[in-house]
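Worth saying up front: this structure is predicted, and the values here are computed from it rather than measured.
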Amino acid sequence: MNNYLLEMRGIGKVYGSTRVLNNINLSVSPGEIHALLGENGAGKSTLMNILFGMDVIHSTGGFEGEVFFDGVKREISKPADAMELGIGMVHQEFMLLPGFTVTENIKLNREITKKNWLNKLFPGRLKSIDRGQMKRDAIKSLEAVGLGIDEWLPVQGLPVGYMQFIEIARELDKTGIKLLVFDEPTAVLTEEEAAGLLKSMQEIANNGIAILFITHRLDEVMTVAHKITILRDGQLVDCLDKENTSVAELARLMVGREVKRVVQSRELTDETPTILSIKNLKVKMPGELVRGIDLEIKEGEILGIGGLGGQGKIGVANGIMGLYPASGEVLLRGEKLPLNNPYNALNSGLAMVSEDRRGVGLLLSSSIAENIILTAMHINKQFVWKIGPLTLRSDRRIREHTQKYISQLDIRCTGMRQAVRSLSGGNQQKVCIARALTLNPSVLFVSEPTRGIDVGAKNIVLQTLIKLNREQGITIIMTSSELAELRSICDRIVIMHKGKKAGILSPDASDVDFGLMMAGEYDQIKNKGAS
Amino acid sequence: MELLRSKLQEFGAARTLIIMFLLLLLAIALAVGISPVGLLGDSLVRLGMNGVLVLAMVPAIISGIGPNFGLPLGIVCGLLGVLVAIELQLMKFWAVFGAMAIALPLALLVGWGYGILLNRVKGSEMMVATYVGFSAVFLMSIGWLTLPFKSPESSWFIGGGLRVTVSIMDRMGKVLNDFLSFNIGELVVPTGLLLFFLILCGLMWVFLQSKAGMAMKASGINPRFAEASGINVNRNRIAGAILSTVLGAIGIIVYAQSFTYLQLYRAPMWMGFHAVAAILIGGATVKTAKVSHVILGTFLFQGLLVVALPVANNIMTQGNLAEITRIIVSNGIILYALTQTRKGGAKL
């Protein structure tokens with residue numbers, strides 16, 4: 001017999017044909033702060049969706065395993081069930097009504113009411129609100145999170161950090177709350193605010209409420225957590241007590257994974273000419289802000305850009321290609337590249353395979369042929385013939401070129417006229433690559449090339465990139481969330497953290513180094529070691 | 001069987017229904033003894049008359065500003081062209097092409113401004129365009145009263161301002177219709193009219209095959225893709241608006257010479273809607289359109305009206321059932337098409 005508050009046993013989940021969770025066990029005692037660690041895509045959110053009975057789980061065939069709460073097996077089939085049990089969630093994005101006051105937000109839809117004369121006519125809906133009692137409750141829960149603000153202020157205009165606290169206060173105010181889930185609560189907070197938040201988390205836990213703390217930040221975990229569960233690729237890696245572990249170990253467990261080098265890494269010397277030199281590049285890409293990075297990219301290398309989601313790795317390529325507003329300086333072979341101008345970027349020999357394949361990368365309803373040639377037709381004026389003032393497309397040249405790439409990249413299709421919408425993800429990706437190659441680029445940006453495609457296609461895509469690099473000498477800058485993939489083909493790997501360059505590692509650097517750098521604690525730990 | 005089903009699906013439920021309805025009307029028409037030759041002749045004339053106005057929808061749709069509900073902008077430019085031609089005492093072919101030459105720069109300028117406006121209201125182009133069209137009609141209603149046109153053909157005898165309908169029969173009536181016109185039995189073929197329409201269709205088709213046309217199509221289908229390919233989406237949208245407005249101006253001149261009357265004031269108000277309905281019946285969506293959609297759509301839409309009119313008059317002798325049918329059909333089609341907007345389009 002145990003006295004766990006929450007126990008999840010043997011949880012597994014399959015989406016379509018991909019397994020995202022496999023046999024996960026998680027147990028949380030009352031008053032415990034339990035950290036859940038993992039990279040993006042490790043399965044943390046899926047696990048929480050199961051706990052809250054979200055619709056995405058049940059509409060895709062449910063899950064495997066059992067959930068016990070308070071020692072009793074429960075069927076949580078909708079979020080309301082979870083709420084009834086006393087499970088609350090503090091969201092990463094704030095769910096507050098800006099025009100309402102703090103009190104009103106805390107008490108939304110749970111207003112305390114009293115009767116008035118109108119209830120003789122309308123017994124249910126028209127009760128008056130007991131503002132006095134609501135105010136007292138709000139003050140109580142605000143104190144519990146340690147936020148000293150006036151409860152009558154409108155939420156609009158409050159600092160971001162405060163909003164997070166109001167969210168927590170709202171959850172605490174719910175009677176019978178037993179378990180609170182914090183989903184990356186410190187992601188948008190300043191350091192001071194984060195410290196305050198951690199303190200109030202500890203206080204909440206002291207009152208006997210259990211906390212599930214989802215985060216990337218290892219130092220926070222070490223500060224507050226009692227127990228730490230680490231997920232990786234849908235597998236349970238380990239469950240540790242804080243006393244028996246260290247930041248370095250956590251980092252290793254989080255990213256550690258067998259890496260198979262596909263090719264020999266290329267030796268880069270100081271003599272290797274720089275092809276692209278980036279100085280203080282800032283990119284305003286929502287969710288992937290780049291806050292100023294410097295980077296020297298050598299001719300003929302495969303450079304990897306890695307990092308956790310939202311740290312700005314995606315923004316670099318998009319900024320240079322002019323798809324999102326950028327500032328700073330980018331020199332291509334020593335010549336200044338005008339930013340914010342996709343035409344110029346393409347025209348100077350840069351090309352990109354976008355991470356947003358279906359949104360930016362393809363004309364879904366158009367044919368394979370048109371997708372492959374359209375950009376080159378516009379930029380390099382290929383595949384056309386002229387009569388007088390008219391520049392018409394040349395179907396013969398388009399056909400020849402498309403056939404060449406279909407066989408070269410092994411695009412599985414019924415013919416070059418097939419709409420790309422009906423191709424599989426892997427084949428769509430090959431069309432994107434073919435389109436970029438048609439431009440004859442000297443530098444190729446490839447973002448998330450293997451996202452959402454099956455293993456076989458993944459290998460073909462990676463092999464193609466290597467071949468392009470080694471045989472045609474195209475410099476490749478590959479951005480990916482999958483560290484293992486970067487480590488298998490890149491010559492150097494840049495890790496992004498908070499929109500800046502956290503450092504550059506060689507692909508055979510240790511798991512610990514990668515883990516620490518991705519969590520933004522590399523310098524801190526290394527400096528400590530030195531001193 | 002599978003093939004048939006997929007072909008049918010591609011063709012679209014709405015089009016299939018319209019064609020069946022047309023056939024039904026045709027059957028009734030023959031049953032009550034209406035001459036099929038006359039109906040066909042009328043259909044051909046109406047195809048040529050309205051075709052160019054419907055063709056004006058193509059550049060608007062493919063450049064991404066959607067069906068051009070603001071067509072009255074182009075129409076008033078065309079009307080101005082004809083009025084100036086009357087003022088200048090131009091005759092016959094000179095009148096028709098002179099009017100076009102005068103309307104062209106006007107439409108260019110207006111379309112350019114219209115394009116800039118539509119770039120500022122991305123996402124609600126159709127709504128804004130509709131009201132731009134209405135505003136243009138009412139603004140020009142003031143214009144028709146105050147512009148200094150002096151020709152007795154077009155202005156009132158007493159007081160100022162232009163007439164509500166101006167007869168242009170003697171000046172340029174049916175100039176295109178009668179050009180190279182010939183008879184097959186009782187059927188009169190308006191060769192010049194159809195030829196003019198088909199030449200414009202051909203030019204449009206060639207444009208769609210050109211580099212510029214491909215870029216315009218890409219900016220309509222997926223602006224983010226186009227942007228990433230270095231295509232200036234906003235410029236293409238303005239070009240689409242200009243082309244559409246110019247075709248609207250030419251279209252109304254073709255329409256008027258065949259109708260032999262110039263209709264001013266509130267007449268252009270709903271012309272945009274009819275053109276939109278026609279191209280949508282033809283199989284276009286708010287994101288993709290082809291020249292074939294224009295020809296098929298105009299023929300079906302106008303054919304429906306041609307056949308419905310005598311049939312309705314035969315069945316119900318009083319009232320204007322034909323007009324009511326036309327309103328129901330055209331608005332119903334627009335409604336149907338707008339509910340389909342999210343499904344995305346056909347091939348590029």
Checklist entry - Using non-hydrogen atoms only, which part of Ala228(B) is less than 4.5 Å away from chain A: side chain, backbone, both, or neither? => result both
Region of [X] in contact with chain B, defined by heavy-atom distances below 4.5 Å:
X	answer
Arg357(A)	neither
Asn341(A)	neither
Met377(A)	both

Checklist entry - Does the Asn222(B) side chain pair with the main chain of Leu362(A), one donor and one acceptor, at a distance under 3.5 Å? => result yes
Next on the checklist: Looking at Ser124(B) and Met127(B), would you say the former's side chain and the latter's main chain have a donor-acceptor pair under 3.5 Å?
Outcome noted: no
Item to check | Working for ring pair (Phe, Tyr, Trp, His ring centres under 6.0 Å), residues Phe196(B) and Phe179(B) | outcome: CA-CA 10 Å; Phe196(B) 186 78; Phe179(B) 179 69; over 10 Å; no
Checklist entry - Do the rings of His274(B) and Phe301(B) sit parallel, tilted or perpendicular, given the 30° and 60° boundaries? => result tilted
Checklist entry - Minimum heavy-atom separation for Gly361(A) to Arg435(A), with atom names? => result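 Closest heavy-atom pair between Gly361(A) and Arg435(A): O-NH2, 3.3 Å.
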Item to check | Between Leu346(A), Leu439(A), Asn318(A), the one whose heavy-atom pairs under 4.5 Å with chain B are most numerous | outcome: Leu346(A)
